[in-house]
Asks: 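Below are the structure tokens for one structure; questions will follow.
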Amino acid sequence: MPLTSDKRHNYQDLQRLMALQIGDEEHDAASTSTLDVLWVLYSDVLDITPERIGDPTRDRFFLSKGHGPSAYYAVLAARGFIPIDWLAGFGGFDSPLGYHPDRNLIPGAEISSGSLGHGLPLAVGAALGLQAQSNPARVIVLVGDAELDEGSNAEAIEFAGAAGLSALTVVAVDNSSTTWAWRGGLETRFAAASWDTTRVDGRDHAALAHALRRRLAPAAPNIVVAGVDGAS
Amino acid sequence: MSSLSMREQFATTASDLLEEDSSVAVVLADISAAMFTRAAGRHPRRVVNVGIREQLLVNVGAGMALTGMRPIMHTFATFLIERAFEQVKLGFTHQGVAGVLVSAGASYDVSRGGRSHQASGDVALLDTLPSWTVHVPGHPTEVNTLLRSAVISEGPVYLRTSTQQNTKARPVDRHGQMTLVRQGSGGTVVAVGPMLDPVLAATEGIDVTVLLRLHRAPVRRSNPGFHTRCAERCPSRALPCRDVSPMRGRRPRTPPPPSPHPRSATGRTAPLRDTRAARIAIRTRTREDPPRSANLP
């Protein structure tokens with residue numbers, strides 16, 4: 001089945017959409033670790049479509065783990081946010097698809113990322129801004145386990161828990177890549193700050209969709225830790 | 001001399017702006033929080049104290065800006081700009097959104113606090129980023145005018161308050177031009193913000209023009225002829241003369257007002273979806289009055 005921009009694609013197309021960017025042999029560990037989480041978010045969880053990227057009531061998804069973005073670009077292309085024919089130019093001089101995403105070049109990208117530890121604090125600010133406007137949209141931010149080494153996250157975690165920012169969801173892709181392992185699991189930091197926490201298999205779409213669903217009457221922000229193999 | 005400090009005036013004006021404009025939010029990191037107690041009680045969702053977390057202070061403001069708010073972030077100058085500089089660079093400039101940074105404790109206000117509290121590098125750091133307007137008021141009344149124009153504008157602004165202030169407020173030029181305070185013919189001295197009174201005292205009886213600048217721009221050093229003449233007369237010829245304007249007795253050209261549209265580091269204009277249109281929508285949803293013009297008053 002040909003890959004074109006005039007139809008939505010499904011999960012099976014994602015490997016080909018990634019291959020357009022980085023070739024068949026290169027399976028970039030950073031980008032494939034996020035593939036299933038991103039697919040479930042965009043196909044099953046987020047209240048967002050390409051037609052509504054300017055709608056203030058849309059859910060906000062922040063990709064904080066900005067390196068290795070080819071899975072993200074593949075999902076955006078599959079869901080119709082960006083044209084398929086942008087993918088072959090990934091990383092090129094004139095390409096809007098850079099090695100780290102730029103929100104001013106990519107329709108549907110809510111933040112520009114690349115330096116770790118910024119997406120979660122920005123998401124805290126976005127959740128506060130939406131709350132100040134009585135806007136019920138969710139903010140979901142994807143981080144990596146090693147990204148959480150950055151101290152700027154600690155500031156955000158403690159404050160968001162204390163403030164009860166229930167519109168905020170963090171999904172942490174945990175591929176055990178920290179230099180110093182998170183003793184007790186990274187979710188213990190969040191639990192200590194009064195977040196709701198859960199851990200699921202990062203390749204199980206049904207479990208991911210259930211964990212990431214909009215909660216009925218949350219009183220706290222929540223984190224979903226999506227565990228994937230260290231080798232992926 | 002005003003009975004208010006510039007910092008107190010900032011809190012007063014910011015509190016008024018919270019009442020007048022529902023797109024305005026104030027973000028604090030414990031510093032000056034006591035000055036916002038009443039405003040926080042009236043607008044609990046738009047006065048946010050994150051505690052002693054300056055990186056979060058700036059990125060919370062940036063995140064609010066991403067949803068269309070106009071955030072005002074405040075703490076001491078060193079912590080606001082130097083400690084959180086990557087957040088200023090990436091949270092605001094790189095995202096292509098804007099807000100108002102307001103500092104207290106400029107330059108050597110807190111010199112007795114030692115090196116950690118001496119803030120001489122903040123403007124130099126912001127000079128490495130495009131599009132930041134810098135306001136340096138010299139009097140609390142100027143703080144009120146400049147903060148209001150900063151909030152009503154769309155671009156990124158840094159407003160730098162000091163414990164040092166002039167005895168009189170001066171008119172604030174709406175286009176960012178310098179103000180002629182004294183006309184002379186033997187040279188020109190540019191006084192920035194609270195330096196006006198010391199400059200007037202130091203040049204008493206000397207035939208020079210004194211200009212007051214409330215907005216940052218680097219001193220131009222592009223006139224080689226002037227420097228040659230100056231070096232011939234200057235005893236320390238090794239040092240380029242930086243403190244005298246090349247335009248003797250005339251008002252030099254000043255840079256144009258900042259662009260109304262926030263721009264990303266790539267130079268492209270950010271999409272309006274969360275910026276000006278959203279801010280107007282926020283105001284018109286919650287007020288009967290028509291939305292304010294984005295132009296300077």
Side-chain angles (χ1 to χ4, degrees), chain A residues 52-58 60 62 64 66 94 96 98 100-135 137 139 141 150-163 165 167-168, chain B residues 18 22-25 27 29 43-71 73 84 86-87 89-97 99 262-274 277-279 281-282 285-286:
Chain A
R52 289 180 54 224
I53 58 173
D55 179 354
T57 64
R58 70 191 187 280
R60 309 305 201 267
F62 288 10
S64 185
D94 283 324
H100 299 103
D102 186 327
R103 73 180 285 272
N104 296 296
L105 299 177
I106 301 168
E110 299 281 359
I111 61 166
S112 302
S113 47
S115 181
L116 298 175
H118 287 265
L120 175 47
L122 285 171
V124 168
L128 288 165
L130 293 171
Q131 183 181 80
Q133 298 166 62
S134 303
N135 184 330
V139 183
V141 55
E150 286 286 355
S152 51
N153 296 299
E155 296 185 11
I157 294 164
E158 189 58 44
F159 173 78
L165 278 184
L168 177 62
Chain B
L18 284 162
S22 53
S23 73
V24 170
V27 194
H43 306 285
R45 292 182 165 188
R46 291 192 286 123
V47 179
V48 178
N49 180 2
V50 300
I52 309 173
R53 301 181 172 90
E54 287 82 14
Q55 295 177 94
L56 184 65
L57 167 76
V58 175
N59 263 352
V60 157
M64 296 181 105
L66 283 167
T67 68
M69 307 283 289
R70 185 68 170 162
M73 293 136 286
E86 190 175 71
Q87 281 73 22
K89 178 180 81 175
L90 297 180
F92 281 100
T93 305
H94 187 47
Q95 303 302 324
V97 295
R263 285 183 174 274
S264 75
T266 61
R268 291 172 191 248
T269 306
L272 287 176
R273 62 180 190 264
D274 280 321
R279 289 182 61 209
I282 293 164
R285 272 203 302 279
T286 56

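The sequence lines fix the lettering, A, B, ..., with proteins before strands; numbering per chain opens at 1. FYI, side chains are in, hydrogens and waters are out, and symmetry mates aren't considered; it's all heavy atoms of this structure.
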Asks: At a heavy-atom separation under 4.5 Å, does B:Leu90 approach chain A through its side chain, its backbone, both, or neither?
Replies: side chain

Asks: Most heavy-atom pairs under 4.5 angstrom with chain B, which of A:Leu122, A:Val124, A:Asn153?
Replies: A:Leu122

Asks: Strictly by side-chain hydrogen bond (donor to acceptor under 3.5 Å, both in side chains), give each pair with a member in residues 57-66 of chain B just once, sequence neighbours left out.
Replies: A:His118-B:Asn59

Asks: What part of B:Ala62 is in contact with chain A, defined as an atom under 4.5 angstrom from a non-hydrogen atom: side chain, backbone, both or neither?
Replies: both

Asks: Please state whether the side chain, the backbone, both or neither of B:Val48 comes within less than 4.5 Å of a heavy atom of chain A.
Replies: side chain

Asks: Taking the side chain as C-beta and beyond, is there a heavy-atom pair between A:Ser112 and A:Asp102 under 4.5 Å?
Replies: yes

Asks: Let's go through A:Arg103 and B:Leu66 carefully: what are the C-alpha distance in whole Å and the side-chain angles of both, what is the deciding distance for side-chain contact (heavy atoms from CB on, under 4.5 Å) to 0.1 Å, and is it a yes or a no?
Replies: CA-CA 11 Å; A:Arg103 73 180 285 272; B:Leu66 283 167; 3.6 Å; yes

Asks: What pairs of residues pass the salt bridge (charged side-chain N to carboxylate O under 4.0 Å, His left out) test when at least one of them lies in residues 48-57 of chain B, not counting sequence neighbours?
Replies: B:Glu54-B:Arg83

Asks: List the atom of B:Leu57, the atom of B:Ala29, and the distance in Å for their closest heavy-atom pair.
Replies: CD1-N, 4.0 Å

Asks: Highest number of heavy-atom pairs under 4.5 Å with chain B: which of A:Ser152, A:Ala163, A:Ala127?
Replies: A:Ser152

